[in-house]
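This report refers to the structure that appears directly beneath it.
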There are 2 protein chains.
Amino acid sequence: MKEVLPVFNSAVSIDCVLFGFDGGELKILLIERNEEPFKDWWALPGNLVGVNESLDQSALRILHELTGLSDIYMEQYYTFGEVNRHPQGRVITVAYYAMLRLGGDKALKPLTSYAKRAQWINVKDLPKLGFDHQHIFDKGLEKIKRRIKHLPIAFELLPEKFTLTQVQHVYELILGKKLDKRNFRKKILSFGVLKELDEKQKGVSFRAATLYKFDKRKYAKLFGKAISF
Amino acid sequence: MKEVLPVFNSAVSIDCVLFGFDGGELKILLIERNEEPFKDWWALPGNLVGVNESLDQSALRILHELTGLSDIYMEQYYTFGEVNRHPQGRVITVAYYAMLRLGGDKALKPLTSYAKRAQWINVKDLPKLGFDHQHIFDKGLEKIKRRIKHLPIAFELLPEKFTLTQVQHVYELILGKKLDKRNFRKKILSFGVLKELDEKQKGVSFRAATLYKFDKRKYAKLFGKAISF
DNA sequence: AATATAAGGTGTATTAATTACACTAAGTAA
DNA sequence: TTACTTAGTGTAATTAATACACCTTATATT
């Protein structure tokens with residue numbers, strides 16, 4: 001316990017909604033909690049903001065501690081501050097989202113005992129989440145639905161080289177509806193941020209698709225150009 | 001002083017960016033502070049979140065206390081959490097914006113001694129603001145620029161009855177550029193949320209324009225329809 | 001080798017939205 | 001009556017969005 005000015009009576013936390021794409025499915029990263037409250041429940045990776053950290057820094061640290069992941073670009077999207085959202089006191093939480101490519105390589109390893117484990121879980125099959133995390137997730141999904149129409153973020157979910165069909169799948173999963181193949185390709189290519197490679201998909205039965213790469217330099221020029229399906 | 005868990009070591013505040021339109025100018029509501037830090041400086045209306053208030057409730061209370069205004073629809077847009085943004089400790093602030101119609105009627109009267117006065121100030125002529133409030137304002141302006149293209153909020157700035165030229169002025173002020181009159185009218189009317197009245201502007205020299213009214217019922221149907229100039 | 005399978009890849013016509021652009025009409029004031 | 005000022009209007013050209021179906025190609029199977 002320590003003495004503080006009476007206004008310093010609340011805590012601020014960060015919660016992260018990380019989207020990943022793997023095996024044709026949209027997933028999010030959850031942790032299994034190892035502490036009260038909600039011990040043994042699944043929850044979004046999150047924790048308290050440190051006194052000497054900005055919110056952005058804090059988000060990176062917390063994610064790293066709970067999952068082992070680093071160098072993720074996360075973006076703040078909303079702050080949740082209902083009075084009783086945390087059972088142990090007033091905790092206001094700032095929510096971040098990110099999209100990232102899942103390679104089989106990166107193992108998820110919590111660095112603290114605060115989480116038992118971290119795992120990618122299909123969004124179609126979410127368990128019951130602790131706190132108000134289902135609500136925070138729902139808002140995050142809404143956010144990226146709007147966001148993906150302004151293009152870029154879908155590529156962050158894909159491996160470095162990908163096929164157009166994979167891109168379309170990501171869009172369909174996030175938007176929750178089927179898109180027309182020809183129109184999709186026309187549109188996505190018209191943004192001019194994809195580089196066609198001289199290379200084909202490997203290890204697939206049936207005809208291999210051409211691989212593409214995301215061109216960051218060209219992407220930087222886009223601003224507010226919208227995509228509408 | 002009181003004893004708390006060591007994690008309760010930060011404070012959360014609200015800051016409000018209120019836009020108004022008056023005399024053909026875009027204005028925001030500022031207070032002149034009557035307390036340290038930044039005593040005698042202009043700042044956004046803002047204060048600490050109470051322990052038993054949600055963020056939204058808190059925003060309404062704070063605005064009311066500092067300006068006398070009530071029944072304002074405000075929307076949260078970003079949370080600012082740089083470590084040293086407040087000179088007296090760690091204070092994370094949740095920013096809200098709103099747009100509202102200025103009638104000469106509503107007097108601004110702070111209900112606490114925390115502010116000396118509240119005043120509408122032309123955004124073209126902003127004084128130096130305390131804290132990081134210039135930054136918070138800049139982000140708020142960016143936000144409504146994006147927002148106004150999805151239509152509705154501009155009408156909240158106007159009186160109940162208005163002319164199309166007034167609407168266009170609001171758009172031009174917010175977007176910071178001139179728009180074509182014919183295209184603007186075609187577009188704004190195509191949304192179908194304006195009702196033409198059987199009434200003309202009064203008290204103007206030169207030809208009086210037709211007055212319009214905003215139709216809330218029709219507006220509720222719009223969803224994600226974008227406006228692009 | 002032939003065949004079946006499954007995904008890859010492509011084009012056009014229709015409709016809707018956006019942009020660019022300039023004059024006449026109406027009311028007020030002198 | 002005239003001068004002034006803002007209101008109000010339409011069309012053509014361009015660009016973007018949508019709807020829609022077939023052939024191609026690589027692999028796997030017989």
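No hydrogens, no waters, no symmetry mates; every other heavy atom, side chains included, goes into these values.
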Return no unless some side-chain N or O of [X] is found under 4.0 Å from OP1 or OP2 of [N].
X: A:S205; N: C:dT5; value: no
X: B:T210; N: D:dA7; value: no
X: A:R185; N: C:dG9; value: yes

Please tabulate, one pair per line, each protein N/O and nucleotide N/O from nucleotides 1-4 of chain D that are separated by under 3.5 Å, including the distance.
none

Nucleotide [N], atom [atom2] - distance to [atom1] of [X] in whole Å:
X: A:K149; N: D:dA17; atom1: NZ; atom2: C1'; result: 13 Å
X: A:N183; N: C:dA16; atom1: CG; atom2: P; result: 15 Å
X: A:K187; N: C:dG11; atom1: NZ; atom2: C1'; result: 18 Å
X: A:K202; N: D:dA26; atom1: NZ; atom2: C1'; result: 15 Å
X: B:F184; N: C:dT18; atom1: CZ; atom2: C1'; result: 15 Å
X: B:D180; N: D:dT9; atom1: CG; atom2: P; result: 14 Å
X: A:R182; N: D:dA17; atom1: CZ; atom2: P; result: 17 Å
X: B:L189; N: C:dA17; atom1: CG; atom2: P; result: 15 Å

message: Applying a 4.0 Å non-hydrogen cut-off, can you work out what A:T165 is touching in the nucleic acid: base, sugar-phosphate, or nothing?
response: sugar-phosphate
Picking from [options], which would you name as closest to the side chain of [X]?
X: B:K200; options: C:dG8, D:dT27, D:dG8; result: D:dG8
X: A:A209; options: C:dG9, C:dT10, D:dT9; result: C:dG9
X: B:K186; options: D:dA28, C:dG9, D:dG10; result: D:dG10

task: Select from B:A208 and A:V204 the residue whose nearest nucleotide in DNA chain D is closer to the 5' end of that strand.
output: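 Result of the comparison: B:A208.
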Let me check something: any side-chain donor-acceptor pairs from residues 93-100 of chain B under 3.5 Å, sequence neighbours excluded? List them with distances.
from: B:T93; atom 1: OG1; to: B:S13; atom 2: O; distance (Å): 3.3
from: B:T93; atom 1: OG1; to: B:S13; atom 2: OG; distance (Å): 2.7
from: B:T93; atom 1: OG1; to: B:D15; atom 2: OD2; distance (Å): 2.7
from: B:Y96; atom 1: OH; to: B:D56; atom 2: N; distance (Å): 3.3
from: B:Y96; atom 1: OH; to: B:D56; atom 2: OD1; distance (Å): 2.5
from: B:Y97; atom 1: OH; to: B:R147; atom 2: NH1; distance (Å): 2.7

task: Of all the heavy-atom pairs spanning A:C16 and A:M74, show the shortest one and how long it is.
output: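 Smallest interatomic distance, heavy atoms only, reads SG-SD, 3.8 Å.
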query: B:Y77 and B:E75: side-chain donor and acceptor closer than 3.5 Å?
result: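 The criterion, which ignores hydrogens and geometry beyond distance, is not satisfied for B:E75 and B:Y77.
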Polar pairs (N or O, both sides) under 3.5 Å between protein and nucleotides 22-24 of chain D?
from: D:dT24; atom 1: O2; to: A:R207; atom 2: NH1; distance (Å): 2.5

Indicate every side-chain donor-acceptor pair of residues 202-213 of chain A with a distance under 3.5 Å to a residue at least two apart or in another chain.
from: A:T210; atom 1: OG1; to: A:K200; atom 2: NZ; distance (Å): 3.1

task: For A:D22, check side chain to side chain donor-acceptor pair (under 3.5 Å) against everything at least two apart and list the hits.
output: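 Expected list: none.
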- prompt: Is the shortest side-chain N to carboxylate O distance from A:K124 to A:E25 below 4.0 Å?
  reply: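 Salt bridge present between A:K124 and A:E25.
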- prompt: Any Lys/Arg nitrogen of B:K161 or B:E199 sitting under 4.0 Å from an Asp/Glu carboxylate oxygen of the other?
  reply: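 Yes, B:K161 and B:E199 are salt-bridged.
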- request: Applying side chain to side chain donor-acceptor pair (under 3.5 Å), run through B:S54 and A:R85 and close with a yes or a no.
  value: CA-CA 10 Å; B:S54 71; A:R85 56 170 300 283; over 6 Å; no
Verdict with reasoning, A:R61 to A:E53, per salt bridge (charged side-chain N to carboxylate O under 4.0 Å, His left out): CA-CA 9 Å; A:R61 173 189 55 82; A:E53 292 173 323; 2.2 Å; yes
query: Who are the salt bridge (charged side-chain N to carboxylate O under 4.0 Å, His left out) partners of A:R117, not counting sequence neighbours?
result: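 So A:R117 forms a salt bridge (charged side-chain N to carboxylate O under 4.0 Å, His left out) with A:E32.
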